Peer 1: 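I have a structure I would like to understand better, so I am pasting it below and will then ask my questions one at a time.
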Number of protein chains: 2
Amino acid sequence: MPKIAQNRILENQRRIETAALELFTKQGFHGTNIREIAEHAEVSVGAIYTYYPTKEALYVTLVRNYKAHMEQLRDQMFSSLEDIFSKSDLKKFTSEIRGYVYNHAEFWLLMYIDAIEFKNQHFAEWFHNMPEQFRSRLGPVLSKAKRQPGWCGQDPAFAFATIYLHVITYFLIEKLLQGNRHLGVSDEQAMDKFIQLLSGGLWSSHETRSLKSRSNGKAPVARRKMPRVLSMTS
Amino acid sequence: MPKIAQNRILENQRRIETAALELFTKQGFHGTNIREIAEHAEVSVGAIYTYYPTKEALYVTLVRNYKAHMEQLRDQMFSSLEDIFSKSDLKKFTSEIRGYVYNHAEFWLLMYIDAIEFKNQHFAEWFHNMPEQFRSRLGPVLSKAKRQPGWCGQDPAFAFATIYLHVITYFLIEKLLQGNRHLGVSDEQAMDKFIQLLSGGLWSSHETRSLKSRSNGKAPVARRKMPRVLSMTS
DNA sequence: GTTCAAAAAACGAGCGTTCGCCTTTTATTA
DNA sequence: TAATAAAAGGCGAACGCTCGTTTTTTGAAC
């Protein structure tokens, strides 16, 4: 029984999915037709239906494949983190996220496409419970940070999720939404300023303002004998 | 010469644009057809072409109208800010951004649609030079913050832009991308923790780590005699 | 009767999918 | 070993439907 070379089949599928990705992220799912995909992939329309029962099946397959790839990249990115909240590691981390966004802009556009044209069906859990995702991957590193003198007392997983989402957003705006240096500085400067801002906080030396209850119920105010700043009366 | 009531025309246009917005943000621009819009608006297909020369003209008109509305809302939101970086004002501000996102989810979906199906043509400047936008609207308030004792020394416009974008991102993920309490806590708790984190910083009492140059050139390192954490050697 | 808005029908092009045919590859048989 | 048959991949046209837009018809107002 004759059988076409297996890698010929895989090569055709790769070319079809690459062409589909490029066109879907340029025009949307419904804005792209099968004839264009076939032309870009240099196969016939009929050949596409050899591998994928429907146009939507092609979309679903490429989304699933890309998600798996991105999850792997994310885990690799995390595995190199050690002194997670030090400025040097934060700087390195933001640089890695930059690549994670800039080199895979099409992936993030797929997420937008899915939100609009597929009710976010295929990315529904992508952002779920991020602190817990980070604890399971970075548990020891996060615990280590928490034990260090000077740590702010916040949940390190929450802090890390905050940094991660903020940095991704920054690069998404720059890459996909024509941010065009939307914070008025270069990427590197924006990350440096963000790291400084987050490391030191808005207010220095415990001169925090309008302090009320703490979210974690533990209020280590007894350790601080700084005189309170007068409330605003103007 | 007979003439339809002017407000009847406006009412028809309002109904057409409302139906178009609802369907575009549910299915995408190309995933929505004129017949569906007509049905939802309870007008005929022909009537739509009375008011809009093309389907795309309808889209452009509704985007332009919604942007104007959102810019007005944003200015209103900013006008109530006084002690901008105090915890109480930050809390109030995040609550207002929550409404700005949750009550106008369709607007943000329009932004995604535009990025995918129209190469971000109609939102190209939405995020441009945000710190400068904030300085022009909140100059006095930002300057006031900068002069207060304990201020971190950062550019207040940059800090405010950072807060603004982070909070919008949080609510966009919750509302459009099924975040489903993606930071593991409620909206209010997430905002409280974020405000605390940003106010106090990751590290307290100037026990900052891996400190090198400061972006503003002023490095008060002389006050800190803490021994350095050993560098990684693994 | 005239004018205008709106409805409904029609038009021509484009769409996703299927079908018939061709080519290539391998197995079978003489 | 060569010829033939069978199977599978692939191509391109065709099908039936949908699409955006235009045209024709209808209804209302004056």
Side-chain angles (χ1 to χ4, degrees), chain A residues 1-63 113-114 116-118 121-122, chain B residues 1-63 113-114 116-118 121-122:
Chain A
M1 181 176 292
K3 193 167 169 46
I4 193 171
Q6 192 70 10
N7 65 347
R8 172 109 175 269
I9 292 175
L10 291 176
E11 170 59 17
N12 282 350
Q13 283 179 305
R14 189 197 63 76
R15 291 214 317 279
I16 292 168
E17 289 181 26
T18 298
L21 174 66
E22 180 186 339
L23 292 168
F24 286 154
T25 57
K26 198 160 79 178
Q27 305 165 178
F29 176 82
H30 290 107
T32 298
N33 65 60
I34 289 286
R35 286 164 182 76
E36 289 175 290
I37 296 173
E39 188 177 349
H40 269 74
E42 295 184 323
V43 299
S44 66
V45 167
I48 293 181
Y49 288 92
T50 302
Y51 304 108
Y52 309 94
T54 65
K55 182 185 173 189
E56 182 169 336
L58 167 55
Y59 167 83
V60 169
T61 298
L62 85 80
V63 161
I113 288 168
D114 212 80
I116 293 162
E117 302 190 76
F118 293 95
Q121 272 183 50
H122 307 98
Chain B
M1 181 177 290
K3 191 169 168 44
I4 192 171
Q6 190 70 11
N7 65 344
R8 173 103 175 275
I9 293 176
L10 290 177
E11 171 59 17
N12 282 350
Q13 282 178 306
R14 190 196 63 77
R15 290 215 315 280
I16 292 168
E17 289 181 26
T18 299
L21 174 66
E22 180 185 340
L23 292 167
F24 286 154
T25 56
K26 198 160 80 182
Q27 306 165 175
F29 175 81
H30 289 107
T32 297
N33 67 60
I34 290 286
R35 286 162 181 76
E36 289 175 290
I37 296 173
E39 190 176 349
H40 269 74
E42 296 184 321
V43 300
S44 65
V45 167
I48 293 180
Y49 286 95
T50 302
Y51 305 108
Y52 308 94
T54 65
K55 181 186 175 190
E56 182 170 334
L58 167 56
Y59 168 83
V60 169
T61 298
L62 85 78
V63 161
I113 288 169
D114 212 81
I116 294 161
E117 303 190 74
F118 293 96
Q121 271 184 51
H122 307 99

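In what follows, chains carry the letters A, B, and so on, assigned in the order in which the sequence lines appear, proteins first and then strands, with residues in each chain numbered from 1. Note that this is a predicted model, so its numbers are computed, not measured.
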Peer 1: Measure from NZ on A/Lys55 to P on D/dC17 and round the result to the nearest Å.
Peer 2: 19 Å

Peer 1: Looking at every strand, decide which applies to B/Val43 at a 4.0 Å heavy-atom threshold: base, sugar-phosphate, or nothing.
Peer 2: sugar-phosphate

Peer 1: Let me confirm one number: the CD1-CG distance from A/Ile113 to A/Leu21, rounded to the nearest 0.5 Å.
Peer 2: 8.0 Å

Peer 1: If you check the B/Ala47 side chain, which of C/dA7, D/dT21, C/dT17 turns out closest?
Peer 2: C/dA7

Peer 1: Side chains of A/Glu17 and A/Tyr52: donor-acceptor distance under 3.5 Å anywhere?
Peer 2: yes

Peer 1: Can you tell me if the side-chain N/O atoms of B/Tyr49 get under 4.0 Å from OP1 or OP2 in D/dT23?
Peer 2: no

Peer 1: Would you find more than 12 non-hydrogen atoms of other residues, nucleotides or ligands less than 6.0 Å from A/Gln121 atom CD?
Peer 2: yes

Peer 1: Would you indicate which nucleotide in D/dG10, C/dA7, C/dT18 comes nearest to any side-chain atom of A/Val45?
Peer 2: C/dT18

Peer 1: Atom OH of B/Tyr59 to atom C1' of D/dG20: distance rounded to whole Å?
Peer 2: 18 Å

Peer 1: Less than 3.5 Å between a donor and an acceptor, one on the side chain of A/Arg35 and one on the base of C/dG16, is that the case here?
Peer 2: yes

Peer 1: Out of D/dG9, D/dC11, C/dA6, which has the shortest distance to the side chain of A/Ser44?
Peer 2: D/dC11

Peer 1: Can you tell me how far P of D/dG10 sits from CD1 of A/Ile9, to the nearest Å?
Peer 2: 6 Å

Peer 1: Using whole Å, report how far CZ of A/Arg8 lies from P of D/dG9.
Peer 2: 11 Å

Peer 1: Expressed as a whole number of angstroms, how long is the span from B/Leu58:CG to D/dT21:C1'?
Peer 2: 14 Å

Peer 1: For D/dG9, does either OP1 or OP2 sit under 4.0 Å from a side-chain N or O belonging to A/Asn12?
Peer 2: no

Peer 1: How many whole angstroms separate atom OH of A/Tyr51 from atom C1' of D/dC11?
Peer 2: 12 Å

Peer 1: I need the CD-P distance between B/Glu42 and C/dA6, as an integer number of Å.
Peer 2: 14 Å

Peer 1: Given 3.5 Å as the limit, does a donor-acceptor pair link the side chain of A/Glu117 with the main chain of A/Asp114, or not?
Peer 2: no

Peer 1: What orientation do B/Tyr59 and B/Phe29 show, parallel under 30°, tilted 30 to 60°, or perpendicular over 60°?
Peer 2: perpendicular

Peer 1: Roughly, in whole Å, what's the span from CD in B/Glu39 to P in D/dT18?
Peer 2: 14 Å

Peer 1: Is any side-chain N or O of B/Asn33 closer than 4.0 Å to OP1 or OP2 of D/dT18?
Peer 2: no

